[in-house]
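We number each residue from 1, following the sequence as shown. Worth knowing before you read on, the calculation uses all heavy atoms, side chains too, and leaves out hydrogens, waters and symmetry mates. Model, not experiment: these values are computed from the prediction.
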Amino acid sequence: MPLSLHQIFASVWNGWLATWPTQLIAIIWMGWLISWTLGSFWAARTVKRPVTWRARAHRLPIIIGGLLLTPWTAQILGERPLWNAGNGVTYALAIVVLAGVLFTWWARIHLGRFWSNEITRKEGHRVVDTGPYRLVRHPIYTGLIAGILATGLAVGTATAIVGAALISFGLSVKAREEENFLTAELDPSAYVSYRRRVPMLIPFLPHW
């Protein structure tokens with residue numbers, strides 16, 4: 001018997017997607033993903049990208065973490081949350097998620113056509129140290145990590161928490177490899193000076 005539209009929708013919109021206010025967090029992420037994908041057409045021509053395995057090492061923890069963070073993993077495993085955050089805390093965490101994705105968009109708009117989803121050197125690439133880049137060297141990763149960790153805490157399952165931690169680790173590895181690549185490709189003195197002045201991912205921490 002073919003599944004009805006309601007059954008299909010229910011099977012997709014399940015797990016922590018089926019409960020408000022964690023649904024709100026899912027909606028924020030879906031809005032970010034759609035807008036981010038559409039924005040990928042606004043970028044300068046890529047001049048060079050690293051081809052070593054180290055430049056791609058970040059992908060594995062991000063992919064595994066993403067799978068663990070999905071609501072369907074917890075559903076398949078029959079997981080229950082380790083804690084009940086409550087609506088008030090979950091709404092507060094949703095605000096953190098929203099702030100994180102807005103921070104990524106502030107950084108992306110400020111970076112302009114130098115942005116890339118991968119580690120690359122764009123045509124005319126230079127060190128950007130204004131706007132959110134005055135606060136941290138990788139504001140896009142900062143916003144994503146903040147939002148992903150808040151999502152893991154709101155969901156509260158063991159797989160979601162481990163998944164959020166793995167994604168955060170993968171993004172931090174990517175940030176470090178990106179810095180190594182850009183230091184070699186751009187003016188080394190300019191990027192080293194920038195690293196000394198601005199923290200990597202967390203504002204107000206030591207700058208190296």
Side-chain angles (χ1 to χ4, degrees), residues 15-16 22 25-26 28-37 39-40 43 46 48-74 76-77 79 82 93 96-108 111 114-122 128 132-133 135-185 191 195 198-203 205-208:
W16 58 266
T22 48
I25 294 176
I28 293 171
W29 280 119
M30 284 189 287
W32 176 84
L33 181 61
I34 292 170
S35 63
W36 203 256
T37 301
S40 65
T46 297
K48 186 176 180 181
R49 70 178 71 222
V51 294
T52 63
W53 69 268
R54 289 186 60 184
R56 297 178 173 86
H58 64 275
R59 294 181 181 178
L60 185 60
I62 290 175
I63 292 171
I64 295 174
L67 292 173
L68 290 176
L69 191 55
T70 62
W72 306 289
T73 297
I76 291 171
L77 296 176
E79 276 191 290
L82 300 176
L93 290 169
V96 174
V97 174
L98 180 61
V101 301
L102 291 177
F103 196 64
T104 67
W105 262 113
W106 181 29
R108 181 161 175 176
L111 193 60
F114 294 153
W115 173 84
S116 174
N117 189 50
E118 297 295 333
I119 300 174
T120 58
R121 175 166 62 87
K122 292 293 186 178
V128 177
Y133 291 87
L135 303 174
V136 287
R137 301 196 300 268
H138 300 276
I140 292 176
Y141 302 154
T142 296
L144 286 176
I145 289 172
I148 287 164
L149 289 178
T151 301
L153 290 174
V155 174
T157 60
T159 51
I161 294 165
V162 172
L166 282 173
I167 295 172
S168 301
F169 171 73
L171 290 173
S172 66
V173 170
K174 184 180 180 183
R176 190 66 71 184
E177 288 304 315
E178 187 173 312
E179 293 205 334
N180 293 337
F181 176 73
L182 292 178
T183 300
E185 290 294 319
Y191 206 88
R195 291 176 69 174
V198 179
M200 184 178 180
L201 290 169
I202 305 176
L205 284 187
H207 296 181
W208 195 257

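- Using a distance-only test at 3.5 Å, with no hydrogens or angles considered, no donor-acceptor pair links the side chain of R108 to the main chain of I140.
- One finds the CG atom of L98 at 10.5 Å from the CH2 atom of W29 (value rounded to the nearest 0.5 Å).
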Exercise. Verify side chain to side chain contact (heavy atoms under 4.5 Å, CB included) between H58 and E177, making sure each step is shown before the conclusion.
Key: CA-CA 9 Å; H58 64 275; E177 288 304 315; 5.9 Å; no
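- Within the 4.5 Å cutoff, the side chain of I161 has heavy atoms near those of the L82 side chain.
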Quiz prompt | Evaluation steps, side chain to side chain contact (heavy atoms under 4.5 Å, CB included), between V97 and W32 | solution = CA-CA 10 Å; V97 174; W32 176 84; over 6 Å; no
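- The CG atom of L171 lies 10.5 Å from the CD atom of E178; values are rounded to the nearest 0.5 Å.
- When all heavy atoms of A74 and T157 are compared, the pair lying nearest together is CB-CG2, 4.2 Å.
- Taking CD1 from I167 and CD1 from I63, the interatomic distance works out to 10.5 Å, rounded to the nearest 0.5 Å.
- Open room surrounds CZ on F169; 12 or fewer heavy atoms of other groups in view lie less than 6.0 Å from it.
- Separation of atoms CD1 (I25) and CG (L153) is listed at 9.5 Å; rounding is to 0.5 Å.
- Side chains of S172 and L201 form a contact here, defined as non-hydrogen atoms less than 4.5 Å apart.
- Within the 4.5 Å cutoff, side-chain heavy atoms of P132 are placed close to those of F103.
- The shortest heavy-atom contact between A175 and M200 is CB-CE, 3.4 Å.
- Atom CG of L93 is separated from atom OG1 of T151 by 8.0 Å, given to the nearest 0.5 angstrom.
- The aromatic rings of Y141 and H138 sit parallel, their planes meeting at an angle under 30°, below the 60° perpendicular limit.
- Using a distance-only test at 3.5 Å, with no hydrogens or angles considered, no donor-acceptor pair links the side chain of T22 to the main chain of V155.
- Tested against T159 for a side-chain contact (heavy atoms from CB on, under 4.5 Å), the candidates T73, L67, I76 yield a single pass: T73.
- Contact detail for I145 and S168: the closest heavy-atom pair is CG2-OG, 3.6 Å.
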